[in-house]
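What follows is a single structure, written as structure tokens, with notes after it.
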Amino acid sequence: MDGSALRSRGQGGALWGDIGFNLGVASRLVVLTGAGVSADAGLPTFRGKDGLWEGRNVQEVATPEAWAWEPEVVWRFYQERRQRLTEVEPNPAHRALAELEARLDEAGVGFCLITQNVDDLHARAGSAPIHIHGEIAVLRCEICGEKVRDLDHLDPEAFVPCPECGHGAMRPDVVWFGEMPYRIEDVFRQVGSATVFLAAGTSGVVYPAAGLLQLARDGGAKTLVNSLDEPENLSGEDEFLPGRAAEVLPDLCERLAQEVGA
Ligand code: OAD
């Protein structure tokens, strides 16, 4: 573990007016999404009013220690979420981001989607995000490293054995507190070179992801933030766009695309 391992910590911005994003063909748009973007699809956020699970908060369940001491509790938590994934669909925010990427790509504008979400809704909408916190649709063997995409075995009481080495219980391929997020160096590079950075549906409390907004500001990017509540890491320099992602993002993505004539 180092300074980039997953950890938590505990002003208002400008209102969304008639703003220009100053995009150009040399632009590079980087988007970071969090649980709020999938909330409108019916997936619970981690820190909202529905954030507790069986009276526990996520930091008690999403740890290697919990998996070691109470694997059946951790497994039930993730199996419920894996089951839920089979019952939901991408919402207009997921679709707007996928469409924006296609349009910017055509216009030669760089785009990168980074998500903290462990669901697969961006992918189902047509995006290929960097999943910095992994994916619950994927199971990983801690013994041999085998990974399988599996949403067939959803019994909350039954562990899934590794098809490769036979180990009795694969874990969800997600990043737990104290573990290193995936592709973090790549993510730092992407955000550091952004000219426009959008953070959507994230409370800004889980690091290193919550530090990306500051990294973008430091690099001179225009920073846009959408969330229901003001995130912890919001600053007066950011353009705060309050509201539901499924309502705010389609319009915002259209404006961003129009800025570059895409
Ligand atoms: P949180 O649950 O911490 O925060 C969700 C944010 O979304 C809050 O700021 C809400 O105000 C906002 N929100 C809720 N509904 C919304 C909506 N319909 N539209 C827009 N915003 C909405 O979720 P994250 O910041 O994503 O890690 O949590 C970060 C990490 O904490 C997660 O990736 C997870 C957890 O530990 C892992 O699972 C590894």
Side-chain angles (χ1 to χ4, degrees), residues 4 13-14 16-38 90 92-117 121-123 125-135 175 180-202 204 206-227 231 233-241 245 248-262:
S4 291
W16 188 10
D18 189 17
I19 47 174
F21 297 119
N22 299 320
L23 277 176
V25 282
S27 293
R28 179 154 191 81
L29 174 61
V30 178
V31 180
L32 170 72
T33 61
V37 168
S38 292
H94 298 106
R95 287 195 289 272
L97 287 168
E99 192 193 324
L100 176 64
E101 177 171 5
R103 289 170 70 176
L104 293 185
D105 194 39
E106 197 132 299
V109 177
F111 179 89
C112 176
L113 178 60
I114 301 160
T115 188
Q116 297 167 88
N117 295 343
L121 294 180
H122 280 306
S127 300
I130 299 178
H131 278 277
I132 52 174
H133 291 167
E135 286 188 81
V175 174
M180 283 292 291
Y182 291 141
R183 294 178 58 185
I184 197 65
E185 297 299 331
D186 189 11
V187 163
F188 287 155
R189 261 195 309 278
Q190 294 282 353
V191 175
S193 66
T195 56
V196 180
F197 179 80
L198 164 66
T202 175
V206 174
Y207 284 77
L212 297 177
L213 188 54
Q214 184 60 45
L215 184 61
R217 284 184 210 118
D218 291 345
K222 177 163 187 62
T223 48
L224 310 169
V225 177
N226 159 249
S227 183
N233 56 354
L234 189 71
S235 119
E237 293 166 58
D238 307 322
E239 208 72 54
F240 182 49
L241 319 172
V248 173
L249 262 54
D251 192 18
L252 174 63
C253 289
E254 182 59 40
R255 284 170 174 230
L256 287 165
Q258 282 181 13
E259 280 272 331
V260 291

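To the nearest 0.5 angstrom, Ile114 atom CD1 is 12.0 Å from Thr202 atom OG1. Note that the CD atom of Gln190 and the CG atom of Leu29 stand 11.0 Å from one another [nearest 0.5 Å]. Separation of atoms CG (Asn233) and CG (Leu212) is listed at 9.0 Å; rounding is to 0.5 Å. The line from CG of Leu121 to CZ of Arg95 is 10.0 Å long, rounded to the nearest 0.5 Å. Residue Ser127 holds its OG atom at 9.0 Å from CG of Leu100, rounded to the nearest 0.5 Å. Atoms OG1 and CG, on Thr115 and Leu32 in that order, are 7.0 Å from each other to the nearest 0.5 Å.
Considering Val196, Leu213, Asp238 in turn, Val196 is the only one that fulfils the side-chain contact (heavy atoms from CB on, under 4.5 Å) rule with Leu224.
Looking at every heavy atom in both residues, Ala200 comes nearest to Val37 through O-CG2, 3.5 Å. When all heavy atoms are compared, the tightest approach of Glu101 to Ala128 is OE1-N, 4.4 Å. Smallest separation of non-hydrogen atoms from Ala123 and Pro129: N-CD, 4.4 Å. Counting all heavy atoms, side chain and backbone alike, Cys253 lies closest to Leu97 at SG-CD2, 3.9 Å. Minimum heavy-atom separation, Phe240 to Pro231: CE1-CD, 3.9 Å. Closest approach of Ala96 to Pro250, counting heavy atoms only: CB-CA, 3.6 Å.
Side-chain atoms of His133 do not come within 3.5 Å of backbone N or O of Pro181 as any donor-acceptor pair.
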Discussion item. For a side-chain contact (heavy atoms from CB on, under 4.5 Å) check, start with the C-alpha distance between Ile132 and Gln116, then their side-chain angles and the critical distance, and finish with the verdict.
Written reply: CA-CA 6 Å; Ile132 52 174; Gln116 297 167 88; 4.0 Å; yes
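With 3.5 Å as the limit, one finds no donor-acceptor pair spanning the side chains of Arg255 and Gln258. Residues Ser38 and His122 have side chains that never bring a donor and an acceptor to within less than 3.5 angstrom of each other.
In this structure the side chain of Phe111 reaches within 4.5 angstrom of the side chain of Val31, judged on heavy atoms. Side-chain contact between Thr195 and Lys222 is absent, with no heavy atoms from C-beta onward closer than 4.5 Å.
Residue Glu254 qualifies as enclosed at atom CD: its count of foreign heavy atoms under 6.0 Å is above 12.
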